[in-house]
Amino acid sequence: MPESVGEFDLIARHFTRPASRAVLGVGDDCALLAPAPGMQLAVAADMLVEGRHFVSTVPPARLGHKALAVNLSDLAACGARPLAYLLSISLPRADEDFVAAFARGMHALADAHGIELVGGDTTGGPLVINITVIGELPPGQALRRDGARAGDTLWVSGRLGEARLALEALRGQVVLAGEDFERARIAMELPQPRVALGLALRGIATSAIDLSDGLLGDLGHVLAASRAGATLELAALPRGAVLARQDPALQRLCLLHGGDDYELLFSAPASRADAVRDAARGAGVEVTPIGRIDAAAGLRLREPDGRESEVEARGFDHFA
Ligand code: ADP
Ligand code: MG
């Protein structure tokens with residue numbers, strides 16, 4: 001950009017688009033939304049910090065996509081329909097090329113889900129991105145973490161572990177061929193929030209969570225909230241083609257402890273397996289049964305050879 005740009009130029013050029021669903025969008029002190037009568041609002045926020053949640057070399061358009069995707073994933077996990085979002089961003093400098101590409105990636109995903117940016121805040125500082133999403137759903141229909149019951153089947157959407165595999169490659173822990181690295185990077189940088197699946201699972205799933213901190217840790221949150229245990233089948237965990245070619249110890253790490261999957265982990269009564277498959281087909285997402293909820297506390301992992309061992313349901317913790 002030839003001349004220097006200010007905060008208000010950035011907002012006007014990249015974060016202001018005509019409001020279509022909102023009564024009032026960017027530009028005033030508040031945005032105004034008109035939720036459908038009788039609906040509850042579902043609200044979630046997720047923050048991305050440079051060096052913590054993403055590397056500085058990530059293409060800005062992918063960063064814009066991911067910042068919104070991780071938030072939409074939270075709405076998906078609750079079975080909420082997204083309505084609108086707010087963006088608060090702290091930027092080290094007014095780099096218009098960066099902001100333009102970031103906004104392009106973010107708006108493209110927003111358009112795909114029919115939602116719009118209605119406000120936020122822009123400031124100078126380290127690169128930090130916080131998005132708040134707002135969705136709606138009928139009262140009593142939210143998918144929650146506390147509804148899993150003994151005997152339910154545990155399901156997961158998509159495939160797990162390749163985002164973690166990309167991270168291991170970036171850290172130099174594993175060498176991937178160029179094409180394989182690019183595929184794993186796409187899993188890490190362009191997650192697809194499972195919004196349609198979350199909506200389709202309302203009334204079918206007994207509990208749900210989106211996988212952001214690794215399967216074992218996130219399953220642990222569901223088990224704690226539901227006061228239940230579970231048994232997982234290691235061989236059943238769906239993995240992408242690139243991960244399937246890695247050595248078994250690395251596969252295990254990426255599947256069980258890999259963060260950033262943004263797939264849905266959910267439980268449903270065993271008798272509703274056909275309804276789950278129909279919901280997934282309608283949403284265009286693959287789903288795989290990976291275990292079951294037990295009355296007995298604790299998490300058991302069944303190895304491919306049939307041996308069973310108790311594992312700790314712990315995921316990533318920023319302060320551990
Ligand atoms: P205020 O002084 O009320 O805090 P600001 O000057 O921060 O308002 O922002 C002006 C307008 O631009 C507001 O409507 C605000 O919601 C919007 N805005 C600021 N930053 C962003 C952003 N990053 N994305 C979307 N809207 C933004
Ligand atoms: Mg402000």
Side-chain angles (χ1 to χ4, degrees), residues 1-36 39 41-76 78 80-136 189-193 195 212 260 262:
M1 272 297 110
E3 80 261 49
S4 74
V5 294
E7 171 189 339
F8 295 102
D9 301 315
L10 289 178
I11 296 170
R13 287 183 206 160
H14 304 292
F15 299 139
T16 308
R17 298 164 97 209
S20 59
R21 286 175 66 163
V23 179
L24 184 62
V26 168
D28 213 308
D29 294 307
C30 294
L32 298 175
L33 304 175
M39 297 292 255
L41 292 181
V43 184
D46 240 324
M47 181 154 69
L48 297 183
V49 177
E50 182 171 24
R52 260 291 151 137
H53 302 96
F54 60 91
V55 291
S56 54
T57 52
V58 59
R62 291 188 176 187
L63 186 58
H65 171 104
K66 185 165 178 177
L68 181 56
V70 303
N71 278 279
L72 289 175
S73 181
D74 283 323
L75 289 185
C78 288
R81 183 182 301 286
L83 291 179
Y85 66 106
L86 297 127
L87 166 72
S88 293
I89 186 163
S90 160
L91 292 162
R93 62 202 151 268
D95 175 346
E96 184 150 31
D97 290 341
F98 174 90
V99 172
F102 175 89
R104 204 179 335 110
M106 184 181 67
H107 291 312
L109 183 63
D111 290 346
H113 289 272
I115 64 167
E116 59 198 13
L117 179 59
V118 296
D121 202 14
T122 305
T123 178
L127 184 55
V128 176
I129 301 144
N130 179 74
I131 286 182
T132 301
V133 279
I134 303 162
E136 65 177 13
E189 295 173 350
L190 292 173
Q192 296 301 324
V195 173
S212 54
D260 270 9
Y262 300 105

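For ligands, and for the atoms within them, numbers begin at 1 and follow the listed sequence. Note that the numbering runs from 1 along the sequence shown for the chain. These values consider heavy atoms only, across backbone and side chains, with no hydrogens, waters or symmetry-generated copies.
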Seminar exercise, completed: Atoms of ligand 1 under 4.0 Å from any heavy atom of Asp28, numbered from 1 in the order shown, are 13 (C), 14 (O)
Exercise. What atoms of ligand 1 come closer than 4.0 angstrom to any heavy atom of Phe8?
Worked result: 6 (O)
Exercise. At a 4.0 Å threshold, what atoms of ligand 1 neighbour a non-hydrogen atom of Gly27?
Worked result: 11 (C), 13 (C), 14 (O)
For this session: Tell me which part of Leu117 gets within contact of ligand 1: side chain, backbone, both or neither, using heavy atoms under 4.0 Å.
Result: side chain
Problem set entry | Arg62 atom CZ, neighbour heavy-atom count above 12 within 6.0 Å | yes
Seminar exercise, completed: Taking only non-hydrogen atoms of Val26 and a 4.0 Å limit, the atoms of ligand 1 in range are 12 (O), 14 (O), 17 (C), 25 (C), 26 (N)
Exercise. Between Lys66 and Asp46, is the closest basic N to carboxylate O distance under 4.0 Å?
Worked result: no
Seminar exercise, completed: atom 23 (N) of ligand 1: of Ile129, Leu24, Thr122, the nearest heavy atom sits on Thr122
For this session: Would you mind telling me if ligand 1 is within reach of the side chain of Ile11, the backbone, both or neither, using heavy atoms under 4.0 Å?
Result: side chain
For this session: Could you tell me whether Met47 atom CE has more than 12 heavy atoms of other residues or ligands within 6.0 Å of it?
Result: no
Problem set entry | N/O donor-acceptor pair under 3.5 Å between Asn71 side chain and Leu68 backbone | no
Exercise. Counting from 1, what ligand 1 atoms have a heavy atom of Gly119 closer than 4.0 Å?
Worked result: 16 (O), 24 (N), 25 (C), 26 (N), 27 (C)
Seminar exercise, completed: Output for pair (Leu117 CG, Phe15 CZ), nearest 0.5 Å, gives 7.5 Å
Exercise. Can any side-chain N or O of Glu116 pair as donor or acceptor with the backbone N or O of Arg21 at less than 3.5 Å?
Worked result: yes
Exercise. For Pro126, does its backbone N or O pair with a side-chain atom of Ser90 as donor and acceptor, under 3.5 Å?
Worked result: yes
Exercise. Quick one: does Gly120 get an N or O within less than 3.5 Å of an N or O on ligand 1?
Worked result: yes
Problem set entry | Interfacing atoms of ligand 1 (cut-off 4.0 Å, heavy-atom, Asp29) | 3 (O)
